[in-house]
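What follows is a set of notes on a single structure, which appears directly below.
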There are 2 protein chains.
Amino acid sequence: MTKRRPKTSRKASGQERQAGIIATAASLFAARGFTGTTTREIAKAACCSEALVFKHFPTKRALYAAILAEKVPLTELLTAVEDAAKKRDDRLVFTMLASHRIRRGADPTLLRLLLFSALEGHELSNMFFKNQHRIFYDYLAGYIEQRIREGAFRRVDPLLAARSFMGMLAHHRLLHEIFRVPAHRSPEDCVESYVNLFLDGVQAGTPATRKTRS
Amino acid sequence: MTKRRPKTSRKASGQERQAGIIATAASLFAARGFTGTTTREIAKAACCSEALVFKHFPTKRALYAAILAEKVPLTELLTAVEDAAKKRDDRLVFTMLASHRIRRGADPTLLRLLLFSALEGHELSNMFFKNQHRIFYDYLAGYIEQRIREGAFRRVDPLLAARSFMGMLAHHRLLHEIFRVPAHRSPEDCVESYVNLFLDGVQAGTPATRKTRS
DNA sequence: GTTCGGTGAGTGAGTAATTACTCACCAAAA
DNA sequence: TTTTGGTGAGTAATTACTCACTCACCGAAC
């Protein structure tokens, strides 16, 4: 993007350039997908020649793969959640997860990149999905399972419950970021509502008017 | 795909051909997206020449637009749900919706087409989304609002509640159809679980251990 | 301080293949 | 004969990718 060392030296270091190309290419791929983005566009956006892009990455696919591989799993969030989980503060656990997803799932390119790679069927998309999302489900399902054993939650299917919670959040982002549905309430309100809805549905104690069919 | 009237006559009627081209193109667009699909592939899959495709549709985009426009809103489902809604059978209402989404949301191309069109930012994607999905939210939000007024549901945000329910279902399909996550339970079980989870979270009567923060 | 050669950053001008799209033309119905 | 379904062989533009080449910089010999 921005040219470093504009006067004293006109050359960027190899690492700088490579990082710059990855960053600009990532936003282009996120906006238009793999097939929808040309190497010429990438070079232009990165302020260099096409030839230089291919000096750094042997093929367009290799550049794409480097981008997907660069995004690291969100372990720091899970370790933060771990504290709340140890205290068995259900509300805090789910609020932290929801809050991260809705308010700070900040990088808007990530969701688009993830969807595009899955839709376009790239080999790395599985790994990408695993690093970026699956880790949540597994963790959450484990927590829910434990809370069921402790009698705090109803006997729901842990994995399905985890997915339904993450589903509410993922769908929320999908609606707003991809389908451009305007928000009618603040993110904080949404987080609270989702958490309430979920906890009321899953916490033990007083099952609401339950008429079990079949 | 298959050649009609193979012996007696080698020419298909214009309407037949057009419908055939739309059908085959739809599955290709759903599989590879708009930019990822070539008119040559479409012609080959439709067993005709590229020139004929352009006889029926002036541009590739026009063909794509015809496909998106062809998919009609699912009003028949909503009228079926209407009966259950009149009887105030909450469980049936939500089970019907979930069941349609998870078990009979049969057309797998629809979801991919919808996502691709939204991601690739086509003009008609808004209308497509509205016809295919938004109608559910609006209807559901209306029903929930009414049930709240009647005291059957808690005072939740109707639109947010509707979205969280549809979100669970949409995410379910997304995981399985796009991200190829293997199902670990039968569709019927999933439907029941989702409905239980949601109704317990939203139905009035006995709010489960509710500690309202802030 | 100047010169010199080596190295890595960087590019203009290609290439062959593919793209959406066209046109002159044909053949079978009507 | 006219109309309609259908095509082979294009075209200009775009695609990913290559190659011969220049330029800036740096350390060292002069």
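Both backbone and side-chain heavy atoms feed into the values below; hydrogens, waters and symmetry mates do not. A note on names: the letters A, B, ... follow the listed sequences, proteins ahead of strands, and every chain is numbered from 1.
Distances shown here put a side-chain N or O of A:Arg17 below 4.0 Å from the OP1 or OP2 atom of C:dG10.
The interatomic distance linking B:Leu63 (CG) with C:dA20 (C1') rounds to 12 Å, in whole Å. Put simply, CD on B:Glu50 is 15 Å from P on D:dG10, counting in whole angstrom units. Rounding to whole angstrom units, NE2 of residue A:His56 and P of C:dG8 are separated by 13 Å. Here C:dG8 presents its C1' atom at 13 Å from CD of A:Gln15, a figure rounded to the nearest Å. Computed from coordinates, the A:Lys44 NZ to C:dG12 P distance equals 13 Å when rounded to whole Å. Residue A:Tyr64 contributes atom OH, which lies 20 Å from atom C1' of D:dC17 at whole-angstrom precision. As rounded to whole Å, 12 Å separates atom C1' of C:dT19 from atom CZ of B:Phe34. In this structure, A:Arg61 places its CZ atom 17 Å from P of D:dT15, rounding to the nearest Å.
When ring centroids are compared, A:Phe116 and A:Phe34 stay outside the 6.0 Å threshold.
Minimum atom distance to the side chain of B:Ala51 is reached by C:dT22, of the listed C:dT11, C:dT22, C:dA20.
The residue among B:Leu52 and A:Phe54 whose nearest nucleotide of DNA chain D lies closer to the 5′ end is B:Leu52.
Between B:Phe153 and B:Phe94, the two ring planes are tilted [angle within 30° to 60°].
For the pair A:Val156/A:Leu160, no side-chain contact is recorded, criterion being any heavy-atom separation below 4.5 Å from C-beta on. At least one side-chain heavy atom of A:Phe129 sits under 4.5 Å from a side-chain heavy atom of B:Val181.
There is no side-chain donor-acceptor pair under 3.5 Å between A:Arg101 and A:His172.
Of the residues in residues 35-43 of chain A, not one comes within less than 4.0 Å of DNA chain C through any heavy atom.
At a cut-off of 3.5 angstrom, counting only N and O atoms as typed in the model, there is no donor on one side facing an acceptor on the other between the side-chain of B:Lys55 and the base of D:dG5.
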